[in-house]
Amino acid sequence: MANQRVSVHGMWSSRAVFIMATVGSAVGLGNIWKFPYITGEYGGGAFVIVYLLCIALIGIPIMMAEVLLGRRGRSSPINTMKRLAREQGSSPAWSIVGYSGVVAGFLILSFYSVVAGWALAYIFQAASGGLNDVSATDAKALFEGLIGSPDQLMIWHSLFMIMTMAVVARGVRDGLERAINILMPALFVMLLIMVGYAFVEGDIKRGLGFMFNIDFSKVFQICVEEAGQVQCRFTGEPLLVAMGQAFFTLSLGMGAIMAYGAYVPNHASITGATVTIAAADTVVALLAGIAIFPIVFASGLEPAAGPGLIFQTLPIAFGNMVGGQWFGTVFFILLVFAAWSSAISISEPAVAWLVESRKWARAHAAMVIGVFAWLLGIGSVLSFNLWAGEEYRWFGKTLFDLKDYLASNIMLPLGGLLIALFVAYGAGRQMALEELSISRQRLFDAWWVIIRYISPIGIALVFLNSVGLL
Ligand code: PHE
């Protein structure tokens, strides 16, 4: 029956605390920064639908799998996978899931911290009145000024990394837990107010139309305007990116959720918690999109502006609304908190592993990881200025884009695929039954079919499609 193990890293005091911490991990820059900008790049409605399908059919079932594995193993993802593979008589090679998660974590942290740094910079911009009355052109110039300066970016990147590691060093429980309880709901309310602003001042019809009008041809092709002519090429990329985003936004496929699952109390139900977390995450992403696109269209901006999208649009709203100086400041503070609680979870698999296997103190592990991720982050900083040129690009992508692409669109889905396969075939039904203890047999059976067939086949199809084999 249920296991008697406890985690050496501490435990969540209740299921509610687990839900809050995991929402803290899931809701972050992925929802508010990345979701709107890639939706803009990949043409809107159809992309959003594919993303939602991936959340429902791949994300939620795999999140359940990660939590149940974590709770069963009660250690860092690397050791959990080793331990469970041994107990279930499977190959020790399954621990590759844990190792690849640690690598993906470094890649993600090294660009996440830079973007979170932009949000930090904008707190001060907003607070000092720097966004008051800005026009679309001013907002763009302001953002380009920031990313064009390696010095400024380095300062903010360093500050964010120090903030993150300071909390990681203290442990998950004592870290941000209390703050998240208040700040996440506050962020949610702020987003609702932004949506209200978009309804009144933005081009709500075009904004919503862009997000929800489904033109499926866009899922299989990318169109760019060149010299007045629209050029389209067929590609599996939008599908791959939508799936990658489902993993990224739910913090899946790299062990963050498995690590948090290791601290879940024994009798807490996993299914309900997972659905709540995924729903909260999805609502936040959709609200961010609904708040941003009407402003994009009302201000004559390009939805495909790229990673700077929210930093070029939200300031226009803050600059022109009543009380915008105060409002913008609070918004960026909350955004930083959302990013902070996510960044902490990105490093948890690596930290927990070093503490277990090297017997290091958490503070020591946090410092080592922070330094590595910070160094790797310098490449992300330079991608926007000194290394922005063609000679520093691979496959047409800057180092920043490349790290994001590799981690989010390839490593996370691959990790997720392996997790589904391990639960379904490596560990087997009995373990899942015991951990999930779903009272309604039909519900369990449905999940079992999804995790055995639908999620792995879905991921495999998207991969095959993106390399042109389908
Ligand atoms: N889910 C987080 C976000 O949306 C990012 C993240 C990715 C966190 C992977 C943990 C692991 O911002």
Side-chain angles (χ1 to χ4, degrees), residues 20-39 51 54-55 59-60 62-63 66-67 70 76-77 97-98 100-119 160 164 167-168 172 175-176 180 183-184 187-188 191 241-261 274 277-289 307 310 334-352 369 373 403-416 419:
M20 222 39 201
T22 311
V23 169
S25 164
V27 173
L29 296 172
N31 308 60
I32 294 168
W33 161 73
K34 200 172 170 194
F35 174 73
Y37 109 68
I38 55 178
T39 300
Y51 159 78
C54 289
I55 296 271
I60 294 176
I62 291 187
M63 189 183 254
E66 269 204 45
V67 179
S76 65
V97 172
S100 100
V102 168
V103 175
F106 273 110
L107 290 177
I108 294 174
L109 199 54
S110 81
F111 69 81
Y112 207 84
S113 164
V114 173
V115 179
W118 301 348
F160 186 79
T164 302
V167 177
V168 172
V172 184
L176 272 189
I180 293 176
L183 297 172
M184 297 309 275
L187 178 66
F188 185 75
L191 272 176
V241 175
M243 180 173 76
Q245 173 63 5
F247 277 93
F248 185 84
T249 194
L250 293 179
S251 311
L252 290 178
M254 51 82 63
I257 299 295
M258 206 187 289
Y260 276 16
T274 307
I277 294 159
D281 186 78
T282 308
V283 169
V284 171
L286 292 177
L287 284 180
I310 66 157
L334 294 174
L335 181 59
V336 166
F337 269 95
W340 201 0
S341 54
S342 300
I344 289 163
S345 73
I346 299 173
S347 52
E348 186 63 19
V351 172
I369 284 159
K403 287 192 285 188
D404 181 10
Y405 197 91
L406 181 67
S408 315
N409 302 337
I410 299 173
M411 297 185 73
L412 299 187
L414 262 184
I419 287 166

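Computation of the quantities below employed the complete heavy-atom set of this structure, encompassing side-chain atoms and omitting hydrogens, waters and symmetry-equivalent molecules. Start at 1 and go down the list; that is how both ligands and their atoms are numbered.
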Would you say ligand 1 has an N or O under 3.5 Å from any N or O of Ala26? yes
Counting heavy atoms not belonging to Tyr405, are there more than 12 under 6.0 Å from its OH? yes
Starting from atom 2 (C) of ligand 1, which protein heavy atom do you reach first, and at what distance in Å? Ser25 O, 3.3 Å
Nearest protein heavy-atom contact for atom 8 (C) of ligand 1: which residue, which atom, what distance? Ser251 OG, 3.3 Å
Which is it for Met254 and ligand 1 at heavy atoms under 4.0 Å: side chain, backbone, both or neither? side chain
With a 4.5 Å cut-off on side-chain heavy atoms, are Gln245 and Lys34 touching? yes
Measuring from non-hydrogen atoms of Tyr112 to any atom of ligand 1, is the shortest distance under 4.0 Å? yes
Quick one: do Thr249 and Ile55 satisfy side chain to side chain contact (heavy atoms under 4.5 Å, CB included)? Show the steps, please. CA-CA 9 Å; Thr249 194; Ile55 296 271; 3.9 Å; yes
Can you classify the ring geometry of Trp118 versus Trp33 as parallel (below 30°), tilted (30 to 60°) or perpendicular (above 60°)? perpendicular
What protein heavy atom sits nearest atom 1 (N) of ligand 1, and how far away is it? Phe248 O, 2.8 Å
Going through the distances and angles, do Phe35 and Val284 end up as a side chain to side chain contact (heavy atoms under 4.5 Å, CB included)? CA-CA 10 Å; Phe35 174 73; Val284 171; over 6 Å; no
May I ask you to check whether Leu29 has an N/O atom sitting below 3.5 Å from an N/O atom of ligand 1? yes
Please tell me if the side chains of Phe337 and Leu187 come closer than 4.5 Å, counting only heavy atoms from C-beta onward. no
Here the atoms of ligand 1 under 4.0 Å from any heavy atom belonging to Ser345 are 8 (C), 10 (C)
Ligand 1 N/O within reach of Gly30 N/O, cut-off under 3.5 Å: yes
Considering only heavy atoms from C-beta outward, does the side chain of Leu335 approach that of Ile310 to under 4.5 Å? yes
